[in-house]
**Student:** 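What follows is a structure written as structure tokens; I'll ask about it next.
Throughout, numbering of the chain's residues begins at 1 and tracks the sequence. Since the structure is predicted, the reported quantities are computational estimates derived from the model, not experimental observations.
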Amino acid sequence: VQLQASGGGLVQAGGSLRLSCAGPGDIFSRYGMGWFRQAPGEDRVFVAGINWNGKFTSYADSVEGRFTISRDNAQNTMYLQMNSLKSEDTGVYYCAAAIFGPPWTTKSAENQMDYWGEGTLVTVSS
């Protein structure tokens, strides 16, 4: 299974970016999906999750109210709209898929994922 994240780049603090994650149709028809971030020198952390039909979403406290996760199963694509970006949002963003959930706890989310994509780098300059 290949998931491909894209849309990263360099943006000033306060700006916006939209990340995309494309994958195969059988993933988008059945799997919950999530976004994770790995900052330089740090562990990968959960950012946001969405269930298979898009009706349930969850967010890390640090991005609640600024980021929006969504998905278009007809286009086999998931999105992460990131607004009011801060320097601490900098990192490599990964998309992933899980047959079970969400909801996931912040600590358990990474272990729940069945498939991972390659990341896309987001750099927020202050």
Side-chain angles (χ1 to χ4, degrees):
V1 173
Q2 284 193 328
L3 299 175
Q4 183 62 54
S6 62
L10 175 64
V11 62
Q12 288 188 332
S16 299
L17 277 177
R18 188 176 79 157
L19 305 184
S20 299
C21 175
D26 58 347
I27 292 294
F28 278 84
S29 64
R30 297 189 295 142
Y31 282 64
M33 301 189 72
W35 287 99
F36 295 76
R37 177 182 67 238
Q38 187 166 24
E42 298 184 11
D43 293 335
R44 189 160 53 187
V45 297
F46 171 75
V47 174
I50 188 167
N51 78 324
W52 72 273
N53 63 7
K55 293 187 176 181
F56 177 87
T57 59
S58 61
Y59 298 91
D61 290 344
S62 61
V63 306
E64 183 82 54
R66 299 188 297 121
F67 290 12
T68 303
I69 189 171
S70 62
R71 63 193 294 164
D72 183 343
N73 288 352
Q75 298 296 323
N76 296 339
T77 306
M78 175 180 65
Y79 304 98
L80 185 67
Q81 178 66 44
M82 305 186 295
N83 298 330
S84 302
L85 282 161
K86 305 176 181 179
S87 57
E88 51 262 45
D89 297 320
T90 292
V92 177
Y93 282 72
Y94 297 89
C95 61
I99 190 65
F100 295 114
W104 308 299
T105 66
T106 301
K107 290 185 177 181
S108 72
E110 187 172 4
N111 292 332
Q112 296 293 320
M113 298 299 119
D114 299 299
Y115 301 105
W116 290 89
E118 295 186 3
T120 185
L121 177 63
V122 173
T123 304
V124 183
S125 63
S126 56

**Student:** So Phe28 and Met33, do their side chains get closer than 4.5 Å, heavy atoms only?
**Tutor:** yes
**Student:** Which pairs of donor and acceptor atoms, one on a side chain in residues 40-50, lie under 3.5 Å apart (sequence neighbours left out)?
**Tutor:**
residue	atom	partner	partner atom	Å
Arg44	NE	Glu110	OE2	3.0
Arg44	NH2	Glu110	OE2	3.1

**Student:** Taking side-chain contact (heavy atoms from CB on, under 4.5 Å) as the definition, give me every residue that meets it alongside Thr105, ordered by chain and number, with sequence neighbours left out.
**Tutor:** Lys107, Ser108
**Student:** Got a second to check how far Asn76's CG is from Leu3's CG, nearest 0.5 Å?
**Tutor:** 10.5 Å
**Student:** Are Val11 and Leu80 connected in the hydrophobic side-chain network, where two residues link if heavy atoms are under 4.5 Å apart?
**Tutor:** yes
**Student:** Just jot down the side-chain contact (heavy atoms from CB on, under 4.5 Å) partners of Ser70, sequence neighbours excluded, or say none.
**Tutor:** Tyr79
**Student:** Under the side-chain hydrogen bond (donor to acceptor under 3.5 Å, both in side chains) test, which residues partner Tyr93, sequence neighbours left out?
**Tutor:** Arg37
**Student:** Are any of the side-chain heavy atoms of Tyr31 and Asp26 separated by less than 4.5 Å?
**Tutor:** no
**Student:** Can you tell me which residue pairs pass the disulfide bond (SG atoms under 2.5 Å apart) test with a partner in residues 42-79, sequence neighbours excluded?
**Tutor:** none
**Student:** Counting only heavy atoms from other residues, nucleotides and ligands, does the tally under 6.0 Å from CD of Gln4 exceed 12?
**Tutor:** yes
**Student:** Group every Ile, Leu, Val, Met, Phe, Trp and Tyr by side-chain heavy-atom contacts under 4.5 Å, then state whether Ile27 and Leu19 land in the same group.
**Tutor:** yes
**Student:** Considering only residues two or more places apart or on different chains, which pairs with a residue in residues 33-126 satisfy disulfide bond (SG atoms under 2.5 Å apart)?
**Tutor:** Cys21-Cys95
**Student:** Under the side-chain hydrogen bond (donor to acceptor under 3.5 Å, both in side chains) test, which residues partner Asn51, sequence neighbours left out?
**Tutor:** Asn53
**Student:** Residues in side-chain contact (heavy atoms from CB on, under 4.5 Å) with Pro103, at least two apart?
**Tutor:** Phe56
**Student:** Give the minimum heavy-atom separation between Ser84 and Ser16, together with the two atoms involved.
**Tutor:** N-OG, 4.3 Å
**Student:** Show me the pairs that pass salt bridge (Lys or Arg N to Asp or Glu O under 4.0 Å) and involve residues 55-83, at least two apart or across chains.
**Tutor:** Arg66-Asp89
**Student:** Name every donor-acceptor pair, under 3.5 Å, that has one atom in a side chain of residues 111-126 and the other anywhere in the protein, sequence neighbours excluded.
**Tutor:**
residue	atom	partner	partner atom	Å
Asp114	OD2	Ile99	N	2.8
Thr120	OG1	Gly8	N	3.0

**Student:** At their closest point, which heavy atom of Ala5 faces which heavy atom of Trp35, and how far apart are they?
**Tutor:** CB-CZ3, 4.0 Å
**Student:** Following the transitive rule for hydrophobic clusters with a side-chain heavy-atom cut-off under 4.5 Å over Ile, Leu, Val, Met, Phe, Trp and Tyr, establish whether Leu17 and Met78 coincide in one cluster.
**Tutor:** yes
**Student:** Under the rule for side-chain contact (heavy atoms from CB on, under 4.5 Å), what residues qualify as partners of Ser29, not counting sequence neighbours?
**Tutor:** none
**Student:** With a cutoff of under 4.5 Å between side-chain heavy atoms, which Ile, Leu, Val, Met, Phe, Trp and Tyr residues group with Trp52?
**Tutor:** none
**Student:** Once rounded to the nearest 0.5 Å, what's the spacing between atom CD1 of Ile69 and atom CE of Met82?
**Tutor:** 11.5 Å
